[in-house]
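Reviewing the structure listed below.
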Amino acid sequence: GDTMPFSSAFYKIPWLEAMLGCPVKMTEGQIWVQPYTGDLETLIRRGVNFEHNPWFQLYLEFLRQLQDRLGDRYPVSANTLFRGPCDIAAQIMGVREACIGWIQEPGLMAQLLRIGTDANLAVIEAGNKALHPFLGGYMSGYGIWSPDPIVRTQADHSSLLSPRMYEEQILPYDLEVIRACPKVIFHIHNNGLHIAPILAQIPELDAIEVVVDPYPSDERKLYEIEMYCHIQQRKSLILDVNFPSYEESERVLAQLDRRGLSFHAQFVPE
């Protein structure tokens, strides 16, 4: 209840993948993106040019409409579902194929990372240009206001890779996205906490958001608390958790530093 209300381009749409030509499938209550069905060499050679792309124009139209209708009452965020470079590469290839690709075809994966990075940078720049500051600042995708332009990025696919593979193959591209705005929030899930120590060392990164789903048990709980405390030693922490009980949420909260913490608790009884 402490965060600000805001609006943004519809969060369920896989915007960048759609702009790059990946098929989008809608089912009841969900929108899914399929691997790229065209020729990868053509995609790589074409690069990123979204000027006349219908999905790119739809994203900008969302921002224009929201700002015109709601912008004088509460903020519009340019942040929405922009998956990071490795997630884009994995989606274009297919997740299973990408897991093999990092080992057997690192050159191809680097080319796809370049595509994912350029797509992020192009849309981040366009979104920031499309919006006016709200009370002299900008709204993140988490209801947190910033005095400077802010970007949300992610690396969900890294949960399937070792920290070394992430640091050597993916991090250089993530750094380009991180440096695209003065303020940055980096999203991971609790199954990707093994890259948190790497992220915590990045000077330009302001906050790490961790989605906890599913909720851990036994020794995994201890490991995750240790990782949250490690993050908090260097960065702000946004924690989104589906707790099994209110008592469990209080137990976790008692072990965290309240400073620099945004704590989003939901409750799903076991």
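Below, all heavy atoms of this structure are taken into account, side chains as well, without hydrogens, waters or symmetry copies. In what follows, residues are counted from 1 in the order of the sequence shown. Note that the structure is a prediction, hence the values are computed from the model and not measured.
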Do S77 and S140 have side chains that get closer than 4.5 Å, going by heavy atoms? no

From CG (L239) to CG (L261), nearest 0.5 Å: 7.0 Å

Parallel, tilted or perpendicular, as decided by the 30° and 60° cut-offs, for the rings of F267 and Y246: tilted

Kindly say whether P214 contributes a backbone atom to a donor-acceptor pair with the side chain of N190 at under 3.5 angstrom? yes

Do Y166 and L175 share a hydrophobic cluster (ILVMFWY, side-chain heavy atoms under 4.5 Å, transitive)? yes

List the steps, then state whether side chain to side chain contact (heavy atoms under 4.5 Å, CB included) holds for L58 with W15. CA-CA 9 Å; L58 178 62; W15 288 100; 3.9 Å; yes

Between L108 and M93, is a side chain to side chain contact (heavy atoms under 4.5 Å, CB included) present by the stated rule, with each step listed? CA-CA 10 Å; L108 173 61; M93 283 279 288; 4.0 Å; yes

Is there a donor-acceptor contact under 3.5 Å from the side chain of N79 to the main chain of R152? yes

Does any non-hydrogen side-chain atom of M227 lie less than 4.5 Å from one of V210? no

Consider only side-chain heavy atoms of I, L, V, M, F, W and Y, link residues closer than 4.5 Å, and tell whether I124 and F10 are in one cluster. yes

Side chains of V177 and P85 in contact at under 4.5 Å (non-hydrogen atoms): yes

Look up atom CD in E61 and atom CG in D68, then write down how far apart they are to the nearest 0.5 Å. 8.5 Å

So do L20 and Y36 actually touch side chain to side chain, heavy atoms under 4.5 Å? no

Taking the side chain as everything from C-beta on, heavy atoms only, tell me whether E176 gets closer than 4.5 Å to R114. yes

Do any N or O atoms from the side chain of Q91 and from the backbone of V33 form a donor-acceptor pair under 3.5 angstrom? yes

Find out if a path of hydrophobic residues (ILVMFWY) with successive side-chain heavy-atom gaps under 4.5 Å connects L63 to F56. yes

Would you say L81 and M139 are hydrophobically clustered, going by side-chain heavy atoms of ILVMFWY under 4.5 Å? no

Is the side chain of E209 donor-acceptor paired with the backbone N or O of S262 at a distance under 3.5 Å, no angle test? no

Just so I know, are the side chains of F243 and V212 near enough to count as touching, which here means a heavy-atom distance under 4.5 Å? no

Is there side-chain contact between P14 and I31, with heavy atoms separated by less than 4.5 Å? yes

For R83, does its backbone N or O pair with a side-chain atom of N120 as donor and acceptor, under 3.5 Å? yes

Provide the full list of ring pair (Phe, Tyr, Trp, His ring centres under 6.0 Å) pairs with a residue in residues 68-113, sequence neighbours left out, each pair given once. Y59-F82, W102-H157

Residues pairing under ring pair (Phe, Tyr, Trp, His ring centres under 6.0 Å) where one sits in residues 103-143, two or more places apart or in two chains, turn out to be none

Do F6 and Y11 have ring centres separated by under 6.0 Å? no

4.5 Å side-chain heavy-atom contact, I238 and H187: no

L205 backbone acceptor or donor facing K235 side chain under 3.5 Å: yes

Who are the side chain to side chain donor-acceptor pair (under 3.5 Å) partners of D87, not counting sequence neighbours? Q154

For the backbone of M19 and the side chain of N53, can you confirm whether one donor and one acceptor N or O come within less than 3.5 Å of each other? yes

Ionic contact status for E248 with R251, cut-off 4.0 Å: yes

Distance check, rounded to the nearest 0.5 Å: H189 atom NE2 versus S158 atom OG? 10.0 Å

Roughly how far, to the nearest 0.5 Å, is the CG atom of D174 from the CZ atom of R179? 11.0 Å

Report yes or no: does D206 contribute a side-chain atom to a donor-acceptor pair with the main-chain N or O of I185 at less than 3.5 Å? no

In terms of heavy-atom contacts, A196 and I188 come closest through CB-CD1, 4.4 Å

Check whether I100 and L113 end up in the same hydrophobic cluster, where Ile, Leu, Val, Met, Phe, Trp and Tyr are linked by side-chain heavy atoms less than 4.5 Å apart. no

